[in-house]
Amino acid sequence: MARLVMKFGGTSVASIKHMENVAAKVRTEKLAGNEVVVVVSAMGDETDRLVSLAEEAQVPEVDTRRELDVLLSTGEQVSIALVAMVLSRSGLPAKSFTGAQVAIKTDGVHNRSRILEIDAERLEADLGKGIVPVVAGFQGVNESSDITTLGRGGSDTTAVALAARLKADECRIYTDVEGVFTTDPRIVETARCLERITFEEMLELASLGSKVLHTRAVELASKFHVPLRVLSSFNDSTGTLITREENITMEAPLISGIAFTKNEAKLTLLGVPDLPGIASTILGPISAANIEVDMIVQNVSADRSTDFTFTLSRQDYDQAAVILEAIAASMGAREVTGDTSIAKLSIVGVGMRSHAGVASKMFEVLAAESINIQMISTSEIAISVVIDEKYLELAARALHSEFDLAEPFA
Ligand code: ASP
Ligand code: MG
């Protein structure tokens, strides 16, 4: 007997018909003798609908974050009740639980709370009686018994936290894609659904632009060693298992995936005096304006002046450029230049730890396509380059093919 947490996202519970499909999946596991806890999101785009109602009702001067949580949590309250009804009518005893009812205790930060603890007693008691608990994702309660929510997409995190607390054998995230792909199948036709990937790789891919899973959920699963599976609720394929590196029995492939983000821009300050404190003088006001900076490159100086470049999200470009012009004037830098048509592309794989030459192979592949690399950054298991946005698809296809990602690793 295994204990499973099965989480179904908004598209998987979009209607009563969809919920019947959820019931069929739960039944299969119950018939196999497994214990099941179900976690659900709000139906379809319900959370978006509630958010736009709130926008209509709010004014920026009045802090209504507490009320927003009360409102948003209703989406999941509707789906737990309906899913429990559909499960019960198909002969599977089930019981709905809000976050407060299973005592999902969070910190006090409204709209993006963190889970502190879960009291599993009620769930254990029901599981012992063969009942399927259906738990609302995304919500909890704080110290003062106020409803809190975990931030958009937070149901994945609820599911992983429950799986960790209940010592489940697997946490399954049922969604509208097959699993984690080697790269975006809309860009590279030969992209393949991965059978397994490590937590580390998944975290890199997620932070580099792959959107399958809530990053916090992957972090939590990694911390508590919860095997995490992403799979489709619309077919019977086994999806992708995200697991610890030791559990990838075969030797890891060189790289596992390619991630990219198109929505990038870069800013350069030319002729900056090469003095202590310069980086913080430049980036301090940028971060004070709540603008997130990604890659940062500062060159060696030949004549006691240097060039300083960083990348950021395209939507922050105009605001950052204005701030930078002021900084440039105050420190006597030569010029500010920028580019809003760049993209970042990264290759990710734990295999590159034990193999030299992955970076040079990547650069060779790009050179063969005459793609100019503007910036490079690396981590232990990823190499990222900034290139002209118009070559992104070409680069992704060439790398996918040269690193043999279309072929299952044997
Ligand atoms: N319903 C919430 C949202 O749409 C939580 C979730 O789906 O994970 O963000
Ligand atoms: Mg959702």
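Counting starts at 1 for both ligands and their atoms, in listed order. Owing to the predicted nature of the structure, the values given are computational and were not obtained by experimental measurement.
Short contacts between ligand 1 and G153, defined as distances under 4.0 Å to a heavy atom of the residue, involve ligand atoms 3 (C), 5 (C), 6 (C), 8 (O), 9 (O). For ligand 1, the atoms closer than 4.0 angstrom to any heavy atom of R152 are 3 (C), 4 (O), 9 (O). Interface atoms of ligand 1 facing S41, defined by a heavy-atom separation under 4.0 Å, are 6 (C), 7 (O), 8 (O). Against a heavy-atom cut-off of under 4.0 Å, S155 is close to the following atoms of ligand 1: 5 (C), 6 (C), 7 (O), 8 (O). The atoms of ligand 1 that sit less than 4.0 Å from any heavy atom of F138 are 2 (C), 5 (C).
Heavy atoms of E46 found under 4.0 angstrom from ligand 1: none, in either backbone or side chain.
Any N or O atom pair closer than 3.5 Å counts here, and E76 shares at least one such pair with ligand 1. Between K7 and ligand 1, no N or O atom pair is found at a separation short of 3.5 Å.
Between the side chain of E393 and the backbone N or O of I187 there is no donor-acceptor pair closer than 3.5 Å. A donor-acceptor pair under 3.5 Å links the side-chain atoms of T158 to the main chain of F138, judged by distance alone.
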- Could you give me the CA-CA distance, side-chain angles and deciding distance for D119 and V102, then say whether side chain to side chain contact (heavy atoms under 4.5 Å, CB included) is met? CA-CA 6 Å; D119 178 1; V102 277; over 6 Å; no

- Given salt bridge (charged side-chain N to carboxylate O under 4.0 Å, His left out), test R114 with D107 step by step and report yes or no. CA-CA 6 Å; R114 292 191 161 261; D107 63 19; 5.5 Å; no

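In this structure, H18 and F234 have perpendicular ring planes: the angle between them is above 60°, well past the 30° mark.
Here CZ of R89 is found 4.5 Å from CD of E20. Values are rounded to the nearest 0.5 Å.
In this structure, G137 has no heavy atom closer than 4.0 Å to ligand 1.
Geometrically, K266 does not engage F310 in a cation-pi contact defined by less than 6.0 Å to the ring centre and at most 45° from the axis.
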